[in-house]
**Student:** 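Before we start, here is the structure in question, set down as structure tokens.
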Amino acid sequence: MITKLLKESLKKIVRDIYEIELNDMELKVEKPPENQPGEFGSNIAFLVSKTVKKAPEDIALSIMNNMKNNNLFSNIFYVKPGYINWNLSIELYKQELIKVIKEQNYFKEKQVKNELINLEFVSANPVGPLNVVSGRAAAYGDVLANLFDFNGYRVHREFYVNDHGNQIKLFAISLKERYLELHKIKQKAEIPEDGYKGDYVIDIAKNISSIAPDIKQRVLNLLYNKMEEELINMFTELGLRYVKNWQETTLKNFGVKFDLWFSENSLYENNYIEKIINKIKEKELIYEKEGALWFKTTQFGDDKDRVIKKSDGQWTYFASDIAYMQSKIDRGANRIIMILGPDHHGYIKRIEAIIQALGYRKEMLKIIILQQVNLLESGEKKKMSKREGKLVLLDELLELVGCDAARYYFLMRNHNSHLDFDIELAKEQSEKNPVYYVQYAYARICNILLFAREKNIEIEKVNIENDVEFTDLEKEEKDLITGILQASDVFIESMEKYAPSLVVQKLYELASSFHSFYNKYRVVTEDKKTTFKRLFILLALKQVFLNYFKILGITAKERM
RNA sequence: GUGCCCGUAGCUCAGUGGAUAGAGCACUUGACUACGAAUCAAGGGGUCGCAGGUUCGACUCCUGCCGGGCACGCCA
């Protein structure tokens with residue numbers, strides 16, 4: 001909020017003097033390094049010097065001259081090569097703090113935009129429980145969705161269930177075999193070569209009667225009548241349902257809830273795929289070769305065309321993807337965001353091709369590749385594979401370190417960095433997890449406010465506008481205030497950069513400022529003036545922390 | 001072979017055109033008879049993989065190379 005205001009004022013000054021319009025993304029307004037003067041600083045003179053071809057110093061001095069006429073800026077400093085730094089006016093501090101304290105949802109954009117964002121993430125195959133890799137995607141996607149929501153967009157969280165195709169059949173057969181073995185109907189399970197060998201399949205076989213109490217009877221009946229296909233169909237249906245429940249429960253424990261679990265199978269109903277493909281056919285983007293149907297993705301920059309219908313007459317997954325994209329748009333999406341694993345980077349071109357072939361701008365699509373999670377075991381790299389059953393379950397992690405620490409751990413990394421995951425390390429680090437650092441700061445704030453109330457200091461009755469002075473601020477107090485004022489800018493910037501890690505970083509900085517302040521100064525003292533001033537800062541700070549926690553999906557603990 | 005991601009302190013990582021490159025962990029030293037020491041203050045530790053280029057300015061952008069990882073099906 002405040003950064004935006006400052007940027008606008010600076011841009012206006014430049015417009016007045018030089019008649020040029022500055023790019024918002026390039027213009028920076030930020031806190032200068034520790035050893036430099038001023039609470040805020042800007043690179044504005046450098047930007048202007050690029051187009052005007054004058055020394056940054058001269059430009060800075062002229063801009064500074066005009067800044068003096070604006071009461072936003074109180075002390076203006078020129079710093080060596082061409083920076084302009086300044087302090088904010090005390091009055092501005094006060095007005096902003098009052099708003100933070102008094103306005104409900106001050107940080108949340110009140111004007112809801114018309115745009116609907118379809119955000120797809122996790123979308124793990126429905127053939128097993130979620131592992132830590134999905135955990136990273138879940139945390140990332142959820143916070144991204146929160147950020148969009150916070151900034152006034154409508155967001156639809158979607159989980160694509162790949163419940164169609166061969167892998168499901170293999171899973172169903174594996175499950176069936178395990179079931180027969182478990183109930184001694186068969187001596188030994190015969191898991192197909194490409195089947196699912198992991199122990200978790202045995203667990204599912206053990207527990208599946210929880211969603212189908214009459215399963216044993218049905219199995220025996222079908223076996224007696226030699227209805228092998230029906231038997232597999234039954235295990236397909238039950239297995240899918242069981243796994244979906246499992247995944248949904250895990251995600252719920254992780255604080256993530258989806259608006260829609262979209263079934264790939266549903267695209268096959270009512271010839272939907274056929275209809276959408278025909279739409280592209282009309283544009284002559286589809287041709288036949290060697291008995292198969294091909295989509296001319298090369299027209300949109302792909303390196304080769306892709307098959308959409310195999311020579312055996314089956315649609316490929318790529319065909320259902322085409323229909324799926326159209327379905328998102330049919331359901332009102334103006335913007336499509338997909339969070340995919342690094343193994344999908346080759347699909348970006350293809351999906352862009354789909355969007356364009358369907359007649360939409362490719363800008364409406366944003367694909368974020370969330371880099372891989374490497375599973376380590378005491379330093380050794382280990383291959384995670386659902387088929388082989390080698391994985392670290394998200395459930396295990398949650399049990400081990402808890403939801404807050406797990407979310408924080410995943411969110412600290414940005415999306416394009418690899419993450420080495422060592423369960424031993426996670427266990428060890430859980431006690432030192434920075435999430436406790438930020439939660440502790442919040443608990444301390446609550447405690448002080450509680451303490452003040454016990455001392456019968458009723459801040460609610462104090463008139464902040466008239467009776468509280470924000471003069472003579474200590475450095476630590478100013479740090480807290482700038483942290484408070486910058487919060488909404490952090491939320492906007494993180495959204496624009498698709499970077500939840502930025503939120504985490506800023507929250508940590510804020511907590512750090514608070515802990516420093518706490519150790520140096522006392523809030524509740526004999527001196528009424530100072531006590532009120534500090535209590536008001538803390539009231540605002542508490543609100544800011546609550547907003548950060550809400551976006552990150554972390555619990556705000558009043559006591560640790 | 002082609003494409004994508006990564007290479008920053010002993011370890012785990014922030015930082016994507018700006019100010020003396022930052023945190024946490026680990027290590028050393030100090031701070032509780034006052035709102036919680038799960039905290040704070042201070043210290044050591046770096047040729048930002050290497051070499052060129054672009055410019056007022058490069059960890060950041062471009063080119064080449066080295067090292068690590070992933071992906072390149074009429075599988076999903």
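Below, chain A is the first sequence line, B the second, and so on; all start at residue 1. As the structure is a computational prediction, the values presented were derived from the model and not from experiment.
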**Student:** Can you tell me the distance, in whole Å, between the OH atom of A:Tyr498 and the C1' atom of B:C5?
**Tutor:** 19 Å
**Student:** Using only side-chain N and O atoms of A:Lys310, determine if any of them is under 4.0 Å from OP1 or OP2 of B:C75.
**Tutor:** yes
**Student:** For B:C27 versus B:C70, give the span between their P atoms, rounded off to a whole number of Å.
**Tutor:** 34 Å
**Student:** What interatomic distance, in whole Å, is found between C1' of B:A41 and the corresponding atom of B:G49?
**Tutor:** 36 Å
**Student:** With C1' as the reference atom in both, quote the distance from B:G46 to B:A9 in angstrom, rounded to an integer.
**Tutor:** 6 Å
**Student:** Based on the glycosidic angle (syn within 90° of 0, else anti), state the conformation of B:C13.
**Tutor:** anti
**Student:** Whole Å only: how far is the CD atom of A:Glu509 from the C1' atom of B:A14?
**Tutor:** 10 Å
**Student:** Within less than 4.0 Å of OP1 or OP2 of B:U16, is there a side-chain N or O belonging to A:Lys28?
**Tutor:** no
**Student:** Could you tell me how far apart A:Asn447 (CG) and B:A34 (C1') are, to the nearest whole angstrom?
**Tutor:** 13 Å
**Student:** Does A:His418 make a side-chain donor-acceptor contact with the base of B:C6, cut-off 3.5 Å?
**Tutor:** no
**Student:** Would you indicate, yes or no, if B:A38 has its OP1 or OP2 atom less than 4.0 angstrom from a side-chain nitrogen or oxygen of A:Tyr440?
**Tutor:** yes
**Student:** Reckon A:Tyr437 has a side-chain N or O less than 4.0 Å from the OP1 or OP2 of B:C40?
**Tutor:** yes
**Student:** Give me the distance, rounded to whole Å, that separates B:A58 from B:A19 when you measure between the C1' atoms they each carry.
**Tutor:** 14 Å
**Student:** Please determine if a side-chain N or O atom of A:Tyr508 lies less than 4.0 Å away from the OP1 or OP2 oxygen of B:A14.
**Tutor:** no
**Student:** Over how many whole Å does the gap from A:Asp302 atom CG to B:C4 atom P extend?
**Tutor:** 14 Å
**Student:** Which atom names give the shortest non-hydrogen contact between A:Asp163 and A:Ile168, and what distance separates them?
**Tutor:** C-CG1, 3.6 Å
**Student:** With no hydrogens and no angle check, do the side chains of A:Asn162 and A:Tyr317 hold a donor and an acceptor under 3.5 Å apart?
**Tutor:** no
**Student:** Would you say the side chain of A:Asn414 and the base of B:U16 hold a donor-acceptor pair, judged only by whether the two atoms sit under 3.5 Å apart?
**Tutor:** no
